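For clarity, every value in this text was computed on a predicted model and none was experimentally measured.
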Amino acid sequence: MSYCPRAWFLTCSLIQLVTILFVIGLFQYSYERERRFDHVAETGLDAQMQGLQSTVLSTEASPVVPACPSAFASQGALQLNLAAEESNWTLDSVGADNPNVSLGGRWRPPHCRSQHKLLVIITYRDRERHLALLMGHLHPLLQQQLIEYTMFVVEQQGSLTFNKGRLYNAAFREATAVEHFDCVVFHDVDLIPEDDRIPYSCPASPTHLSVGVDRFNYGMPYAKLVGGVLIMRCEHFIQLNGYPVKYWGWGGEDDDVAERIEHVGLEITRPPAEIGRYKMLSHERRPWNPDSLQWKDAKQQMAKDGLNSTGYYQVTSIKKVPLFTHLLVDVGLPPAKNTTAK
């Protein structure tokens with residue numbers, strides 16, 4: 001104890017007490033700090049180890065999905081019994097038979113990565129039986145070929161003259177605005193594939209799949225026919241400026257597209273005649289379009305008549321249902337001479 005004058009004894013004692021308490025407090029602070037640091041270090045290391053373990057487990061549980069093989073199991077020509085199916089099949093029954101199809105008509109191979117994503121567009125009005133038959137045959141066929149796809153059914157609102165080109169363009173624009181697709185197939189609702197080897201995979205150039213239709217004795221009515229079922233890469237469809245929008249009624253839009261394909265330097269390819277076979281379901285044919293020969297001007301008109309045309313449609317509703325995504329589209333009014341119901 002240091003010397004402290006008697007007069008200052010009380011003051012010195014107080015200073016010494018404060019000093020002793022300060023030293024004790026400093027020692028306790030240092031001790032607690034080291035304890036907290038050790039705890040943080042230990043728990044931090046544990047957290048790092050747990051994170052590393054979860055990463056390893058996640059990697060082990062989610063291996064890289066291999067690409068799907070280009071070859072698939074095939075039986076070739078299919079035995080169809082359309083009369084019985086048309087009597088018994090409904091969209092509800094077909095949906096129950098295809099539980100693996102996601103809402104909105106989406107499907108992807110469960111054990112491999114598809115080489116392409118396909119957009120299927122089907123134009124439709126007042127043919128629910130035909131639609132059920134096509135859904136019942138097309139979904140299994142695309143799955144057999146291990147193709148990732150989404151099915152869109154585009155319906156024209158009202159009962160005035162049909163305009164297939166506007167419907168195809170509208171569905172393509174709406175679908176590709178929200179999702180990337182590699183290829184698109186345009187499919188008539190009344191054509192049922194007869195062979196599971198018909199190639200719905202992405203082609204190098206536009207491919208007319210419906211080479212042979214039973215109603216035409218499985219022959220080609222003319223050389224440039226592309227109507228029925230046509231598949232191509234999405235970039236090629238954009239290059240063509242899509243379908244023309246000026247054709248009302250039956251005839252003209254498909255021949256116009258054939259001219260566009262030729263004009264941009266692409267080639268129309270087809271599967272062998274013994275493979276590209278389809279059954280056509282019975283239906284009342286639409287009246288012939290008297291303006292269908294406008295396709296002769298396709299090369300001059302294609303730059304301003306097609307996907308880039310504005311104001312030619314309005315989507316009334318979009319709804320995801322068990323087998324497909326349904327679009328209801330108002331395509332506007334036809335010219336006065338074509339305003340009857342078709």
Side-chain angles (χ1 to χ4, degrees), residues 104-105 119-128 130-131 134 150-179 181 184-191 226-232 234 237-238 240-260 283-295 297-298 301-321 324-342:
L119 169 62
V120 182
I121 301 179
I122 301 161
T123 53
Y124 164 80
R125 186 168 66 182
D126 300 329
R127 296 193 198 171
E128 188 169 319
H130 289 182
L131 185 58
L134 181 58
T150 302
M151 201 85 68
F152 273 74
V153 172
V154 54
E155 179 179 1
Q156 181 170 324
Q157 179 176 296
S159 59
L160 295 179
T161 308
F162 206 67
N163 191 310
K164 187 171 74 171
R166 295 187 180 207
L167 294 174
Y168 275 150
N169 286 355
F172 180 85
R173 291 181 62 167
E174 296 301 319
T176 56
V178 296
E179 186 173 352
F181 294 96
V184 55
V185 59
F186 303 97
H187 211 298
D188 282 0
V189 71
D190 57 359
L191 289 182
V226 297
V229 185
L230 177 66
I231 186 171
M232 68 181 77
C234 290
F237 187 65
I238 294 171
L240 303 179
N241 196 21
Y243 272 84
V245 303
K246 62 186 177 183
Y247 295 95
W248 297 88
W250 180 65
E253 67 279 340
D254 295 316
D255 295 331
D256 196 304
V257 166
E259 292 295 314
R260 294 174 183 226
H283 65 279
E284 183 180 350
R285 295 184 68 86
R286 289 176 287 152
W288 178 258
N289 177 11
D291 297 324
S292 61
L293 294 181
Q294 292 183 70
W295 63 264
D297 299 325
Q301 299 294 322
M302 63 177 288
K304 57 183 180 181
D305 177 25
L307 277 174
N308 64 353
S309 302
T310 58
Y312 62 85
Y313 79 91
Q314 182 176 355
V315 176
T316 303
S317 70
I318 301 178
K319 184 178 180 181
K320 291 184 178 182
V321 296
F324 51 85
T325 297
H326 177 256
L327 275 72
L328 185 62
V329 176
D330 180 355
V331 297
L333 295 175
K337 61 183 176 180
N338 287 323
T339 55
T340 56
K342 303 289 190 295

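- A donor-acceptor pair is defined here as one N or O able to donate and one able to accept, closer than 3.5 Å; such a pair exists between the side chain of Gln156 and the backbone of Asn163.
- Relative orientation of the Phe181 and Phe152 rings is perpendicular, given thresholds of 30° and 60° on the angle between their planes.
- Between Tyr243 and Phe172, a ring centre-to-centre spacing not shorter than 6.0 Å is recorded.
- Here the side chain of Arg166 pairs no donor or acceptor atom with the backbone of Trp248 at under 3.5 angstrom.
- The environment of Ile238 atom CD1 is dense: over 12 non-hydrogen atoms of other residues, nucleotides or ligands sit within 6.0 angstrom.
- Scanning all heavy atoms of the two residues, the minimum distance from Gly104 to Thr150 falls at O-CG2, 3.8 Å.
- Between Gly249 and Thr161, the shortest heavy-atom contact is N-CG2, 3.2 Å.
- Taking 4.5 Å as the limit, some side-chain heavy atom of Asn169 sits within range of a side-chain heavy atom of Phe237.
- Here the closest heavy-atom approach between residue Gly306 and residue Val245 is recorded as O-CG1, 3.9 Å.
- Atom CZ of Phe186 and atom CG of Leu119 lie 7.5 Å apart (nearest 0.5 Å).
- Side-chain atoms of Asn241 come within 3.5 Å of backbone atoms of Asn308 as a donor-acceptor pair (strictly under, hydrogens ignored).
- Val257 and Pro244 get closest at one heavy-atom pair: CG2-CD, 4.0 Å.
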Expected list for residues 311-319: side-chain donor-acceptor pairs under 3.5 angstrom, two or more places apart:
| from | atom 1 | to | atom 2 | distance (Å) |
| --- | --- | --- | --- | --- |
| Tyr313 | OH | Glu174 | OE2 | 2.8 |
| Thr316 | OG1 | Gln157 | OE1 | 2.7 |

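- Atom CD of Glu155 sits about 9.5 Å away from atom CD of Glu128, to the nearest 0.5 Å.
- Shown here for Val189 and Thr123, the closest heavy-atom pair between the two residues is CB-O, 3.7 Å.
- Residues meeting the side-chain hydrogen bond (donor to acceptor under 3.5 Å, both in side chains) test with Asp126, sequence neighbours left out: none.
- Side-chain atoms of Arg125 come within 3.5 Å of backbone N or O of Gly158 as a donor-acceptor pair.
- Annotation: side chain to side chain contact (heavy atoms under 4.5 Å, CB included) contacts of Asp188 (sequence neighbours excluded): Lys164, Tyr168, Asp190, Leu191.
- Leu134 contributes atom CG, which lies 7.0 Å from atom CE of Met151 (distance to the nearest 0.5 angstrom).
- Rounding to the nearest 0.5 angstrom, the gap separating the OH atom in Tyr124 from the CG atom in Leu327 is 14.0 Å.
- Side-chain contact between Lys246 and Asp256: present, with at least one pair of heavy atoms (C-beta onward) separated by less than 4.5 Å.
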